[in-house]
There are 2 protein chains.
Amino acid sequence: MKQETNPNYHHFLKHISLDCVVFGFHENQLKVLLLRMKKNQEWALPGGFVLENESMEIAASRVLKERTGLDHIFLNQFHVFSDPERSNINPAVPDFLEFDITFQDADWFNQRFISVGFYALVEFSLVQPQPDVLSDICEWISLSEISALMMDHRQILDKALETLRLQLVFQPVGYNLLPDKFTMPELQKLYETILGKELDRRNFQRKILAYNIISKLDEVRQGVPHKAPTLYRFNPENYQKALKEGLGGKW
Amino acid sequence: MKQETNPNYHHFLKHISLDCVVFGFHENQLKVLLLRMKKNQEWALPGGFVLENESMEIAASRVLKERTGLDHIFLNQFHVFSDPERSNINPAVPDFLEFDITFQDADWFNQRFISVGFYALVEFSLVQPQPDVLSDICEWISLSEISALMMDHRQILDKALETLRLQLVFQPVGYNLLPDKFTMPELQKLYETILGKELDRRNFQRKILAYNIISKLDEVRQGVPHKAPTLYRFNPENYQKALKEGLGGKW
DNA sequence: TAAGTATTGTGTTTAATTGACACAATGATA
DNA sequence: TATCATTGTGTCAATTAAACACAATACTTA
């Protein structure tokens, strides 16, 4: 039965969708969770719709729970994408009938959607990528290896990255992207990757330590070439405080 | 005929609305454009709905054109308000039948709306406030004099102000809020009002001038008590450049 | 097993920015 | 003509950021 594999779209609010840019960090690379669509092999951001009694935030959490298996993901809305032509930006018009989608579902997908963009920061290793009904693959792709995306999803991704860069200036980042214990070079690489530029190792360390959001541990990373770097851990109280109050914003 | 005074709501996208926080600056006070609803005398932000072939931004411009008479207003979306209970936050349930709204229109207003918040910065003296069909008054209210607002509009206003404060740190503000020519104390007062704190006159001047976004004129303000202050004007090229590239954001 | 090497840990020195403050110049008012 | 609030133009000290140097560590390899 189709009804068991596909959602009942008439429970969702019309015209409204959401798309998520899920960032992870692995092997010194910033990665994004993408789906490959069955229809035309195009890559797309994970997205979804809003139930009648859900907020956008709850809807986004639900979608991400389905795609990653994770609860309580760090999530921020960053922009609304509402160009009436946004679904026509990349030419391929989906022919949903080729797959297990009913005629009525095709009507649902052919309406105009105003999409709220969310970005999420997650710990790479905790995610178990799951495709949705429209996709055959769900996996992490390195930022540098992403080429074309479905519809306006490339714009959505670029805007998410831009937002993340601005956030970095006055909010701490990393608690949600790194494992519990991490080294200073790893944290620095994360910052460099998000900002897209190199930072001075010694000045970086001084600045990060001054924020008081991480604590040095009595442990070093084992089994690495050359000198073993010390492990650090985020200080949850100070991190949360910094999230709320910001980091040095002037004026 | 009702059809001539009221919009045809079935041309709008369901479930989607927008609300605008219009900021103006007058007599050294930050002001917000508000409407008083006919129904219950509650004050509300100017808002509206989205036509089938409009982007959110175009819809917001259209709404603001109707409320202010102005085109090309500086507009930024800042947040989506989607709590399913947002229309029930202030108790008063509107009884639209008392006014010139048809039964069908009441259905329209009773649906759940997800609202995109925009803030606008406009030059106070250019605005000609116009009420809409649901309101009897449209006027500027000083930020300090605003008490309760309809539904979740107070939250929307607070979030807009918070966003504006953050913007101020890495983007210039003022071009859209001040008249063509202005004095340094006027610009400073604007910054102080937005930030909600006092700034040192001399340090403020040094910092603003360093941004190279304003030019000193060979003119002073006439007819003021005490020493006449020099007039300045924004430098459009450098201002636009600063808007795009940001002001000192560190890292 | 000892020298080589890449990487980490911990600085210093210099320049730029910010914060706190002082005083003369102006021009209406008394 | 003296007064006074306000503007214009600084200075100085403290803080912050940028550039740079060198020793310590631990794996590599000869």
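Naming: A, B, ... by sequence-line order, numbering from 1 per chain. Values in this document were obtained by computation on a predicted structure and should not be read as measured data.
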Query raised in the report: Under 3.5 Å, is there a donor-acceptor pair between the Gln130(B) and Glu66(B) side chains?
Result: no

I need the [atom1]-[atom2] distance between [X] and [N], as an integer number of Å.
X	N	atom1	atom2	value
Gln222(B)	dA28(C)	CD	C1'	13 Å
Leu199(A)	dA18(D)	CG	P	10 Å
Arg206(A)	dA19(D)	CZ	P	11 Å
Leu209(B)	dT17(C)	CG	P	15 Å
Lys189(A)	dT7(C)	NZ	C1'	13 Å
Lys207(B)	dA20(C)	NZ	P	12 Å
Asp200(A)	dT13(C)	CG	P	17 Å

**Report entry** ring-ring contact (aromatic ring centres under 6.0 Å, His included) involving Phe78(A) - partner list, sequence neighbours excluded
**Finding:** none

To check you understand the geometry: which heavy-atom pair defines the closest contact between [X] and [Y], and what is its length?
X	Y	value
Pro131(A)	Arg67(A)	O-NH1, 3.4 Å
Ala160(B)	Tyr119(B)	CB-CB, 4.2 Å
Glu192(A)	Leu199(A)	OE2-N, 2.8 Å

Report task. Salt-bridge test for Arg165(A) and Glu162(A): reply yes if a basic N is under 4.0 Å from a carboxylate O, no otherwise. Result -> no

Could you tabulate the donor-acceptor pairs under 3.5 Å formed by side-chain atoms of residues 173-185 of chain B, not counting sequence neighbours?
residue, atom, partner, partner atom, Å
Asp180(B), OD1, Arg233(B), NE, 3.4
Asp180(B), OD2, Arg233(B), NE, 3.3
Asp180(B), OD2, Arg233(B), NH2, 3.1
Lys181(B), NZ, Glu219(B), OE1, 3.0
Lys181(B), NZ, Glu219(B), OE2, 3.4
Thr183(B), OG1, Glu186(B), N, 3.3

Query - Pairs flagged by salt bridge (charged side-chain N to carboxylate O under 4.0 Å, His left out) wherever residues 119-132 of chain B is involved - sequence neighbours left out - result: none

Query - Axis-to-axis angle between the two ends of the helix from dT1(C)-dA30(D) to dA30(C)-dT1(D) (five base pairs per end, rounded to 10 degrees) - result: 10°

Could you go through residues 16-29 of chain A and list every donor-acceptor pair under 3.5 Å that involves a side-chain atom there, pairing it with any protein atom two or more places apart or in another chain?
residue, atom, partner, partner atom, Å
Ser17(A), OG, Ser115(A), OG, 3.1
Asp19(A), OD2, Ser115(A), OG, 2.6
Gln29(A), OE1, Ser142(A), OG, 2.9

Polar-atom pairs under 3.5 Å, protein N or O versus N or O of nucleotides 6-9 of chain D: list them with distances, or write none.
residue, atom, partner, partner atom, Å
dT7(D), O2, Lys227(B), NZ, 3.4
dG8(D), OP1, Thr230(B), N, 2.8
dG8(D), OP1, Thr230(B), OG1, 2.4
dG8(D), N7, Arg201(B), NH1, 2.8
dG8(D), O6, Arg201(B), NH2, 2.7
dT9(D), OP2, Lys216(B), NZ, 3.4

**Report entry** Residue met sooner reading DNA chain D from 5', once Val224(A) and Asn203(A) are mapped to nucleotides
**Finding:** Asn203(A)

